[in-house]
Q: 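Please find one structure pasted underneath; my questions will follow.
A, B, ... follow the sequence lines: proteins, then strands. Residue 1 opens every chain.
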There are 2 protein chains.
Amino acid sequence: MNDRLTTTSYAVLTQVAVRPWSSYELAQQRVRYFRYVWPRAESAIYREVKRLASMGLLDGRKEYTGRRSRTIYSITDDGNEALREWLGTPVAPFSMDFEAILRLFIAPLGTKDDITSTLKQVRADTQEMLRFAGEVKQEFIDGINPTQDQIYLRALPVDFFISLLNTVDAWVDRTLAEIETWDDLMASEEKNSRALEKIRHMPVDTPDEPLKDISKPPESQTLRRS
Amino acid sequence: MNDRLTTTSYAVLTQVAVRPWSSYELAQQRVRYFRYVWPRAESAIYREVKRLASMGLLDGRKEYTGRRSRTIYSITDDGNEALREWLGTPVAPFSMDFEAILRLFIAPLGTKDDITSTLKQVRADTQEMLRFAGEVKQEFIDGINPTQDQIYLRALPVDFFISLLNTVDAWVDRTLAEIETWDDLMASEEKNSRALEKIRHMPVDTPDEPLKDISKPPESQTLRRS
DNA sequence: GGACACATGTAACGGGTTACATGATTTC
DNA sequence: GAAATCATGTAACCCGTTACATGTGTCC
């Protein structure tokens, strides 16, 4: 049997480290809390807890409601040790899947309505996530979040999440506004020169200019292009 | 044989729509251009082009260099039609994998050095991506980007990408600064009340307050929590 | 007491990754 | 002419998803 631990393994361990849960609760609450930074299907959680239990990192105890059983998992010492070791290993880089961006590249194959609908859907998604973030914020303010005593840690991801969503939201808004000014989706001199002017002002250093952040060690400037 | 099209299929089709490529070039250039919005392993591309060719959406032509062959793919009319139809379907929601955030939750299991190293690694990653974005910006300014004539479209993802990276970068900086002020990683009254004060000022509406954006249709406010 | 939603999972398939393989080209 | 690197893929494993299944409370 395979006993390599993936980030999903550690994500599950992380949650069980808080307190014991049944598989079902775990799957539900993972969706609530980690959905946005490590989204996985519920069934992946069911398989993962069994694997972790068979490796001795979780301890599974059966309970019964009538004829039907459920399993409550708690973390073992080995499980905690595995988490501790994980913290010292290199972290997986941030990555994302953003289909709407792909569609932009070939937007002229479809209609203007296609692409604006796509972008509005993205906005609806981010605003739903922002609504959720607002709920969590309110829970902490009201002092009723289950992890209230860890608010000094939890505030960090919440901060990240809100910043990110506002960034995406603002981008969608100005992108929709730009596209609304277009008569069609075809290339034109005017569109292209407007875009060039915008690109000039985008907040990133170009290779010919001095770099903004000089607090970093210099070898990071010599990384080869992949 | 299975002929369901995934977003990865469309990502490949999108790229081949620009011009013909060999599988190898495709895999390389995908890494360059789509790495950040739809990252996939190169071998996935090799399998995908064969699948798309067998479905008639790509046309594969063999070339030889000595005894060794390679295949050049170009898009067919059916391939273009598939792309066009795709643009009218619901888009997959934005999602991300961000392991560093998971580690924050259990940071006290490790050392302060563990967590700051993790965050510095994230910063190094985002700054490498920003460096790449700066190169692309410069290419457009110099008028030498291969998609220069489509700059009115390409500027939109570039804008997104730069905004996102700057947001992540700024978050990492203030998070590192916060953690630097800590003596240890344990919970404390002081850390928690500071965090609460920060949360109060985070830029997101809470459920008890009037909503910022009233330009949206009202039913989006009534979405059920999942 | 039937319908329906919630609770608690399992099975099977396929997309994604890691590892490997081999021919051509360049370097020194 | 040996070694290293680039070009061009293939094989196999396994993580993740979709679909399904069955038991239990609850509503009316």
Side-chain angles (χ1 to χ4, degrees), chain A residues 1-12 20-32 34-35 37-55 58 60-73 92-93 95-97 99 224-226, chain B residues 1-13 20-32 34-35 38-55 58 60-73 92-93 95-97 99 224-226:
Chain A
M1 101 157 231
N2 168 21
D3 57 357
R4 238 192 72 246
L5 294 175
T6 66
T7 300
T8 301
S9 318
Y10 293 113
V12 171
W21 314 68
S22 75
S23 328
Y24 181 75
E25 286 174 318
L26 259 182
Q28 296 300 309
Q29 293 301 107
R30 267 205 93 262
V31 163
R32 178 167 164 82
F34 294 156
R35 174 170 38 161
V37 292
W38 202 259
R40 294 298 181 269
E42 300 183 14
S43 69
I45 312 306
Y46 286 106
R47 187 174 39 194
E48 195 61 35
V49 285
K50 285 203 294 189
R51 221 171 62 96
L52 292 171
S54 80
M55 293 165 60
L58 290 182
R61 180 171 44 84
K62 283 222 167 187
E63 287 189 353
Y64 283 86
T65 324
R67 225 170 46 251
R68 143 162 244 181
S69 78
R70 64 175 184 167
T71 316
I72 312 288
Y73 289 96
S95 87
M96 68 180 154
D97 283 3
E99 185 183 304
R224 305 291 304 286
R225 179 186 316 188
S226 65
Chain B
M1 103 157 230
N2 168 20
D3 57 358
R4 239 191 71 247
L5 293 176
T6 67
T7 300
T8 301
S9 318
Y10 293 114
V12 171
L13 281 176
W21 313 69
S22 74
S23 327
Y24 180 76
E25 286 174 318
L26 258 182
Q28 297 300 308
Q29 293 301 106
R30 267 205 92 263
V31 164
R32 177 167 165 83
F34 293 157
R35 174 170 40 160
W38 202 259
R40 294 298 181 267
E42 300 182 14
S43 68
I45 311 307
Y46 286 107
R47 187 174 41 193
E48 196 61 35
V49 285
K50 286 203 293 189
R51 222 171 62 95
L52 292 170
S54 80
M55 293 165 61
L58 290 182
R61 180 171 43 84
K62 283 221 167 187
E63 287 189 352
Y64 284 85
T65 325
R67 226 171 45 253
R68 141 161 246 180
S69 77
R70 65 175 183 165
T71 317
I72 312 287
Y73 290 96
S95 88
M96 67 181 155
D97 283 3
E99 185 183 305
R224 304 292 304 285
R225 179 187 317 187
S226 67

Q: If you look at every strand shown and take non-hydrogen atoms under 4.0 Å, does Lys50(A) touch a base, only sugar-phosphate, or nothing?
A: sugar-phosphate
Q: Roughly how far, to the nearest 0.5 Å, is the OG atom of Ser22(B) from the CZ atom of Arg61(B)?
A: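 The distance works out to 10.5 Å.
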Q: Decide yes or no for Trp21(A) and Gln29(A): does some side-chain heavy atom of the first lie under 4.5 Å from some side-chain heavy atom of the second?
A: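 Yes, side chains in contact.
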Q: Given side chains that start at C-beta, do those of Leu5(A) and Leu52(A) come closer than 4.5 Å, heavy atoms only?
A: yes
Q: Are the side chains of Tyr46(B) and Glu48(B) in touch, meaning some heavy atoms are under 4.5 Å apart?
A: no
Q: Does Arg70(A) contact dG9(C) through a side-chain donor or acceptor facing the base, at a distance under 3.5 Å?
A: no
Q: Distance criterion of 3.5 Å, no angle test: do you see the side chain of Ser43(A) paired donor-to-acceptor with the base of dT18(D)?
A: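 Such a pair is found, so the answer is yes.
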Q: When the distance from CH2 of Trp21(A) to C1' of dT8(C) is rounded to whole Å, what number comes out?
A: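 It is 16 Å, rounded to the nearest whole Å.
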Q: Is it the case that dA24(C) (base atoms only) and Arg67(B) (side chain only) share a donor and an acceptor within less than 3.5 Å, ignoring hydrogens and angles?
A: no
Q: Which of the following nucleotides, dG25(D), dT17(C), dG16(D), is nearest to the side chain of Arg47(A)?
A: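 Of all the options, the side chain of Arg47(A) is nearest to dG16(D).
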Q: I want to confirm an ordering. Mapping Glu48(A) and Lys62(B) to their closest nucleotides on DNA chain D, which one lands closer to the 5' end?
A: Lys62(B)
Q: Within this structure, what is the CZ-to-P distance between Arg61(B) and dT8(D), rounded to whole angstrom?
A: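 Spelled out: CZ on Arg61(B) to P on dT8(D) is 13 Å.
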Q: What nucleotide, of dA7(D), dT8(C), dG9(D), holds the atom closest to the side chain of Tyr24(B)?
A: dA7(D)
Q: CD of Gln29(B) versus C1' of dA7(D): gap in Å, rounded?
A: 14 Å
Q: Which nucleotide sits closest to the side chain of Tyr46(A): dA7(D), dT17(D), dT8(C)?
A: dT8(C)
Q: Would you indicate, yes or no, if dT8(D) has its OP1 or OP2 atom less than 4.0 angstrom from a side-chain nitrogen or oxygen of Ser23(B)?
A: no
Q: Would you indicate, yes or no, if dA7(D) has its OP1 or OP2 atom less than 4.0 angstrom from a side-chain nitrogen or oxygen of Thr65(B)?
A: no
Q: Please report the distance, rounded to the nearest Å, between CH2 in Trp38(A) and P in dT17(D).
A: 11 Å
Q: In whole angstroms, how far is the C1' atom of dG15(C) from the CG atom of Leu52(B)?
A: 13 Å
Q: Mind calculating the distance between CZ (Arg35(B)) and P (dT17(C)) to the nearest angstrom?
A: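 In whole Å, dT17(C) P lies 14 Å from Arg35(B) CZ.
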Q: Starting from P on dA7(C), measure out to CG on Leu26(A) and report it in whole angstrom.
A: 14 Å
Q: Starting at the 5' end of DNA chain D, which residue's closest nucleotide do you reach first, Glu42(A) or Arg68(B)?
A: Arg68(B)
Q: Quick one: does Ser9(A)'s side chain get under 4.5 Å of Arg51(A)'s, heavy atoms only?
A: yes
Q: May I have the distance from Gln28(A) (atom CD) to dC6(C) (atom P), rounded to whole angstrom?
A: 10 Å
